Chemist: 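A single structure is presented below for examination.
These numbers come from a predicted model, not from an experiment. As a basis for the values below, the full set of heavy atoms in this structure was taken, side chains included, without hydrogen atoms, waters or symmetry mates. Each chain gets a letter, A, B and so on, in the order the sequences are listed, and its residues count up from 1.
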Amino acid sequence: MGLELYLDLLSQPCRAIYIFAKKNRIPFEMHTVELLKGQHLSDAFAQVNPLKKVPALKDGDFTLAESVAILLYLTRKYKVADHWYPQDLQACARVDEYLAWQHTTLRRSCLRALWHKVMFPVFLGEPVSPEMLATTLAELDVTLQLLEDKFLQNKAFLIGPHVSLADLVAITELMHPVGAGCQVFEGRPKLAAWYRRVEAAVGEDLFREAHEVILKAKDSPPADPTIKQKLMPAVLAMIR
Amino acid sequence: MWPPPPAPEPGSSPLSTESPENSCCCENSGLPGLMTTPSETRSSRMRVLGLGWRGPTGTEPGPGAQAAYRLRFRTCWLWLVGVPDTCLSMGLELYLDLLSASCRAVYIFARKNNIPFDFQFVDLLKGHHHSKEYIKINPLKKVPSLKDGKFVLSESVAILFYLCRKYSTPSHWYPPDLHTRARVDEFMAWQHTAIQMPMSRILWIKMLIPMITGEEVPDEKVEQMLAEVKNSMQLFEEKFLQDKMFISGDHISLADVVALVEMMQPMGGNYDVFLNSSKIAEWRMRVELAIGPSLFGEAHDRLMRLAEWDSSTLDPMVKERICELLQKFK
């Protein structure tokens, strides 16, 4: 049994791993764990990841959760090109800095934007007040500004002249509000230019393939009541 | 320049030891019995030269702190003979407030490994992290920050990895084995939202918000947060610790230090998350022992004395933000 990746491309961190593995020609068996059907909450999946989240990795008997840990594992095991996670002490520190920062900032804002704008009303049938949505979008705005001012600045990519894990993780996050119909790049030419560079570095076809699911999020059919009841607590905990 | 220099009083010598910037932080912050780590202001440099330097809790500094002191002594001498301020700080600087769990992790790790550094106190209770001077160092306005020459780094996890690599610390801290290292990475990624945030929230809702605003957070919200913490502790035990001595196996690693300092945060508000699990309580003892009880105690002193703090000395801007935070809970 080779490398197995448990993913749902609806999820931002899953997209980062999918793109990374494909781009680096890392052979893996894909197991789709459909979040909107609650498959991540099953006992069977808990054997792979007791945290009941995607992405998860299984490499023989070794299982691993957390996308950042999985990306670093793949980086080391498959000895990918240096630019993804540089040997240079300071460059590496910059990637670590971004990967640490984004958990409670960009990840959170992007998730909330998707759920408040689209998934709650469309999928769960729960209305979201205009005030709540406005607050969420304002928070996203602040985070995007930080991304641009503190991390990107005037560089080609987040940590320097080459694409790294930081860019991959960031771009897949931003596609969440894009999938929700937010114009994240409007009025942000620097960020828009960076987006195009990352897309080109990854490969447009691969990028498009990884984002097919999220770009159709607005067309999600409404959840049936059993599923809704099953998913609600986890969703509320996730976006709190 | 950090910290911001005090405005000179008319007729006072820049070498005066009477500068308000320099008075013992126990008067400024209302935290009794704590000496502020000497800042880079001129008068405090004189104090450093003239008096024995005391660590953050008034106790004798350990070897790492002594190395930092020797560096500061050398830089002070250079200052006295006329070398400009900008040239003086040549070594590693860590911008910290030990009230913050992330700062404690970095402090403990650096001290334990005898990494020489200048402790730059960024008083969160006085809102120093929002000052113009600190924003120049870290525009994210957070602690900890690291400054190594011109290189500035934020995020405690990144700082810990940087220190490991630069100072070639013993391998058990961040094991080279692929799987073992992945276990440390896994915890370091998970803890941001699962441990650090909820533990910090407990301190806010149980202690800081009532103390500062005079109002209690609604019971429902408190219960919700306590349940979240309980769930996280359960996951920690079942998935990360299991039956091992430490998170990565037989030896302490960065993951254990980060985990424990964060779980200590609610203690500042007299809430003990270790009560429900003997396994976790035993792990805690092992980690404290591996770190060294004296260093561990010193690092947590400011947190443990938080209840004694005179909240009327709180920076008004910080107070305003806290009141806004309370509104979000309602």
Chemist: For A:K77, which atoms come within 4.5 Å of any heavy atom of chain B: side chain, backbone, both, or neither?
Modeler: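 Both the backbone and the side chain of A:K77 come within 4.5 Å of chain B.
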Chemist: Take atom NZ of B:K244 as the centre, draw a 6.0 Å sphere, and report whether it contains more than 12 heavy atoms from other residues, nucleotides or ligands.
Modeler: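 Counting neighbours around NZ of B:K244, more than 12 heavy atoms of other residues, nucleotides or ligands fall under 6.0 Å, so yes.
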Chemist: Name, in order of residue number, those residues of residues 81-89 of chain A that have a heavy atom at a distance of less than 4.5 Å from a heavy atom in chain B; otherwise write 'none'.
Modeler: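 If one takes a 4.5 Å heavy-atom cut-off, the residues of residues 81-89 of chain A near chain B are A:Y85, A:L89.
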Chemist: Check each atom of B:F161 against the heavy atoms of chain A and say whether the ones under 4.5 Å are side chain, backbone, both or neither.
Modeler: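 For B:F161, the side chain is the part near chain A, not the backbone.
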Chemist: Could you tell me which portion of B:L153 (side chain, backbone, both or neither) has an atom closer than 4.5 angstrom to a non-hydrogen atom of chain A?
Modeler: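 Both the backbone and the side chain of B:L153 come within 4.5 Å of chain A.
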Chemist: Distance check, rounded to the nearest 0.5 Å: B:D177 atom CG versus A:R76 atom CZ?
Modeler: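 The distance works out to 11.0 Å.
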Chemist: Using every non-hydrogen atom in the two residues, find where A:A69 and B:A182 come nearest and quote the distance to one decimal.
Modeler: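 Smallest heavy-atom distance, with atoms named: CB-O, 4.1 Å.
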Chemist: Does NE2 belonging to B:H130 count more than 12 external heavy atoms closer than 6.0 Å?
Modeler: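 Yes, enclosed.
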Chemist: When rounded to the nearest 0.5 angstrom, what distance separates CG in A:N49 from CD in B:E186?
Modeler: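 Those atoms lie 7.5 Å apart.
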Chemist: At a 4.5 Å cut-off on heavy atoms, which part of B:L140 comes close to chain A: side chain, backbone, both, or neither?
Modeler: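 When you check distances to chain A, only side chain atoms of B:L140 fall under 4.5 Å.
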Chemist: Look up atom OG1 in B:T193 and atom CZ in A:R108, then write down how far apart they are to the nearest 0.5 Å.
Modeler: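 The distance works out to 10.5 Å.
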Chemist: Select, from A:L51, A:T104, A:L146, the one with the greatest count of heavy-atom pairs under 4.5 Å involving chain B.
Modeler: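 Heavy-atom pair counts peak at A:L51.
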Chemist: With a 4.5 angstrom heavy-atom cut-off, could you sort out which part of B:E228 is near chain A: side chain, backbone, both or neither?
Modeler: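 The answer is the side chain of B:E228.
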Chemist: Looking at chain A, which one of B:H179, B:K166, B:Q196, B:R165 has the largest number of heavy-atom pairs inside 4.5 Å, strictly under?
Modeler: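 Sorted descending by pairs with chain A, the first entry is B:H179.
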Chemist: Might you confirm whether atom CD of B:E220 has over 12 heavy atoms from other residues, nucleotides or ligands at distances under 6.0 Å?
Modeler: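 For B:E220, atom CD is not crowded (no more than 12 foreign heavy atoms under 6.0 Å).
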Chemist: Do B:R181 and A:Y73 make a side-chain contact, defined as non-hydrogen atoms from C-beta onward lying under 4.5 Å apart?
Modeler: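 They are not in contact (no side-chain heavy atoms under 4.5 Å apart), so the answer is no.
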Chemist: So which atom in B:A189 and which in A:V68 form the shortest heavy-atom distance, rounded to 0.1 Å?
Modeler: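 Residues B:A189 and A:V68, closest heavy atoms: CB-CB, 4.2 Å.
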Chemist: Crowded around A:M132 CE? As in, over 12 foreign heavy atoms under 6.0 Å?
Modeler: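 It does not: A:M132 CE has 12 such atoms or fewer within range.
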Chemist: I need the contact set between residues 92-103 of chain A and chain B: heavy-atom distance under 4.5 Å, sorted by residue number.
Modeler: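 Residues of residues 92-103 of chain A touching chain B at under 4.5 Å: A:C92, A:A93, A:R94, A:D96, A:E97, A:A100, A:W101, A:H103.
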Chemist: Relative to chain B, which segment of A:L64 carries a heavy atom at a distance below 4.5 Å: side chain, backbone, both, or neither?
Modeler: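 Answer is both: backbone and side chain atoms of A:L64 are under 4.5 Å from chain B.
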Chemist: How about CD on A:Q145, more than 12 heavy atoms from neighbouring residues, nucleotides or ligands closer than 6.0 Å, or not?
Modeler: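 Count over threshold, so yes.
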Chemist: With a 4.5 Å cut-off on heavy-atom pairs, point out which of B:Q224, B:K239, B:R183, B:M188 contacts chain A the most.
Modeler: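 That would be B:R183.
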Chemist: Please determine whether the number of non-hydrogen atoms from other residues, nucleotides or ligands lying under 6.0 Å from atom CD of A:E29 exceeds 12.
Modeler: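 Enclosed.
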